Amino acid sequence: MARPDWNEYFMEITELVATRSTCLRREVGAIIVKENRILSTGYNGAPSGLAHCLEIGCLRDKMNIPSGERQELCRGIHAEQNALIQAAKFGIALDGSTVYVTTQPCITCSKLIINAGIKKIIYKNPYPDKLALELLEEANIEVIIYEK
């Protein structure tokens with residue numbers, strides 16, 4: 001049995017985190033890592049204590065909103081946002097860290113990642129948000145598409 005490299009190890013953990021998602025459209029997981037140590041995790045779902053889409057249905061589906069559009073019309077918080085919130089809640093500094101995500105960050109998450117001081121993003125699946133990638137490039141965030 002071959003030992004996984006760090007990227008494989010962290011992406012597999014990120015995929016496991018995604019299984020906690022309560023989104024009916026897309027299961028997304030995120031972990032934030034620094035010096036090969038996990039600082040924070042997050043998956044997409046409703047705010048703590050509120051009903052999840054698994055329980056009450058998807059507002060976006062009901063309104064026929066395409067993926068990548070009108071993100072404010074959703075009960076869910078994105079995986080990256082939840083990972084950032086978790087770090088803030090527990091006083092964990094993220095400057096210089098790397099975020100592993102099962103799906104490319106959207107524009108909102110990209111702006112938060114930039115301001116949190118995260119320096120690298122490794123993601124597996126594409127997302128229809130070209131502006132997000134343009135902002136990350138402008139901010140000199142290293143973006144890597146994970147390929148096993």
Side-chain angles (χ1 to χ4, degrees), residues 4 6-34 36-136 139 141-148:
W6 287 112
N7 285 340
E8 184 178 2
Y9 173 73
F10 290 128
M11 191 55 74
E12 286 185 16
I13 293 170
T14 303
E15 290 171 354
L16 180 61
V17 170
T19 66
R20 292 280 306 153
S21 170
T22 60
C23 179
L24 295 170
R25 283 185 161 195
R26 184 187 315 257
E27 290 183 346
V28 181
I31 65 171
I32 302 174
V33 174
K34 188 170 183 179
N36 293 329
R37 301 292 180 258
I38 297 171
L39 302 177
S40 182
T41 67
Y43 54 87
N44 55 332
S48 297
L50 301 185
H52 291 281
C53 297
L54 285 174
E55 301 160 343
I56 62 170
C58 177
L59 175 65
R60 295 174 62 77
D61 281 348
K62 290 173 187 172
M63 298 176 74
N64 292 317
I65 300 170
S67 184
E69 296 180 17
R70 301 297 312 269
Q71 296 166 10
E72 74 280 7
L73 296 175
C74 179
R75 293 182 67 81
I77 299 172
H78 289 188
E80 305 94 318
Q81 294 168 2
N82 271 324
L84 292 166
I85 292 164
Q86 183 184 85
K89 187 173 181 175
F90 293 103
I92 300 169
L94 302 177
D95 198 42
S97 61
T98 297
V99 63
Y100 288 80
V101 192
T102 56
T103 301
Q104 173 202 315
C106 70
I107 185 65
T108 303
C109 291
S110 294
K111 291 185 281 186
L112 294 171
I113 286 167
I114 291 166
N115 275 6
I118 293 172
K119 297 301 179 196
K120 185 188 295 185
I121 299 168
I122 301 175
Y123 74 89
K124 190 171 184 181
N125 300 305
Y127 186 74
D129 198 332
K130 183 181 172 190
L131 181 57
L133 294 175
E134 290 172 4
L135 281 184
L136 292 167
I141 306 292
E142 184 178 3
V143 177
I144 299 170
I145 300 170
Y146 175 79
E147 298 181 65
K148 186 174 179 182

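Just so you know, these numbers come straight off a predicted model, no measurement behind them.
- The two residues S97 and I32 make their nearest non-hydrogen contact at OG-CG2, 3.4 Å.
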Would you check, one step at a time, whether the test side-chain contact (heavy atoms from CB on, under 4.5 Å) holds for T108 with Q81? CA-CA 9 Å; T108 303; Q81 294 168 2; 3.5 Å; yes

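- Across A18 and G29, no two heavy atoms sit closer than the pair CB-N, 3.3 Å.
- Of the possible polar contacts, none joining the T14 side chain to the T102 backbone as a donor-acceptor pair under 3.5 Å is found.
- Residues I56 and A51 approach most closely at CG2-CB, 3.9 Å, considering heavy atoms.
- Looking only at distances, no side-chain donor or acceptor of S40 sits under 3.5 Å from a matching main-chain atom of L84.
- The only option from E147, E12, E8, E15 that meets the salt bridge (charged side-chain N to carboxylate O under 4.0 Å, His left out) definition with K124 turns out to be E15.
- To the nearest 0.5 Å, atom SG of residue C58 and atom CD1 of residue I65 are 8.0 Å apart.
- We find the CD1-OG1 distance between I144 and T98 to be 8.0 Å, quoted to the nearest 0.5 Å.
- No donor-acceptor pair closer than 3.5 Å links the side chain of T22 to the backbone N or O of L54.
- Once rounded to the nearest 0.5 Å, the distance linking CG of D61 with CG of L24 reads 7.0 Å.
- A 4.5 Å side-chain heavy-atom check between I114 and L136 finds at least one atom pair inside the cut-off.
- Between F10 and W6, the angle of the ring planes stays under 30°, which puts this pair in the parallel group of the 30/60° scheme.
- The backbone N or O of V101 sits nowhere less than 3.5 Å from a side-chain atom of E80 that would complete a donor-acceptor pair.
- Side-chain atoms of R60 come within 3.5 Å of backbone atoms of E69 as a donor-acceptor pair (strictly under, hydrogens ignored).
- Proximity of P105 to S110: side-chain heavy atoms (C-beta onward) are separated by under 4.5 Å at one or more points.
- Between I118 atom CD1 and I113 atom CD1 the span is 5.5 Å, to the nearest 0.5 Å.
- The minimum heavy-atom distance linking P128 with S67 is given by the pair CG-O, 3.8 Å.
- One finds the CD1 atom of I121 at 12.5 Å from the OH atom of Y100 (value rounded to the nearest 0.5 Å).
- At least one side-chain heavy atom of L16 sits less than 4.5 Å from a side-chain heavy atom of T19.
- Looking only at side-chain heavy atoms (C-beta outward), M11 and K148 stay at 4.5 Å or farther from each other.
- No donor-acceptor distance shorter than 3.5 angstrom exists from the side chain of R75 to the backbone of L59, with no hydrogens or angles considered.
- The only option from I31, L94, V99 that meets the side-chain contact (heavy atoms from CB on, under 4.5 Å) definition with L39 turns out to be L94.
- Contact check for K89 versus Q86: no side-chain heavy atoms found under the 4.5 Å cut-off.
- Closest of all the heavy-atom pairs between G96 and K119 is CA-CG, 3.6 Å.
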Step by step, work out the side-chain contact (heavy atoms from CB on, under 4.5 Å) result for C23 and Y43. CA-CA 9 Å; C23 179; Y43 54 87; over 6 Å; no

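- No donor-acceptor contact under 3.5 angstrom links the side chains of T41 and R20, judged on distance only.
- At least one side-chain heavy atom of D129 sits less than 4.5 Å from a side-chain heavy atom of Q104.
- Between R70 and M63, every side-chain heavy-atom pair lies at or beyond the 4.5 Å cut-off.
- Between the side chain of K34 and the backbone N or O of D95 there is at least one donor-acceptor pair closer than 3.5 Å.
- Atom CG of N44 and atom NE2 of H52 lie 10.5 Å apart (nearest 0.5 Å).
- For the pair R25 and P66, the tightest heavy-atom approach, listed with the atom from each and the gap, is NH1-C, 4.0 Å.
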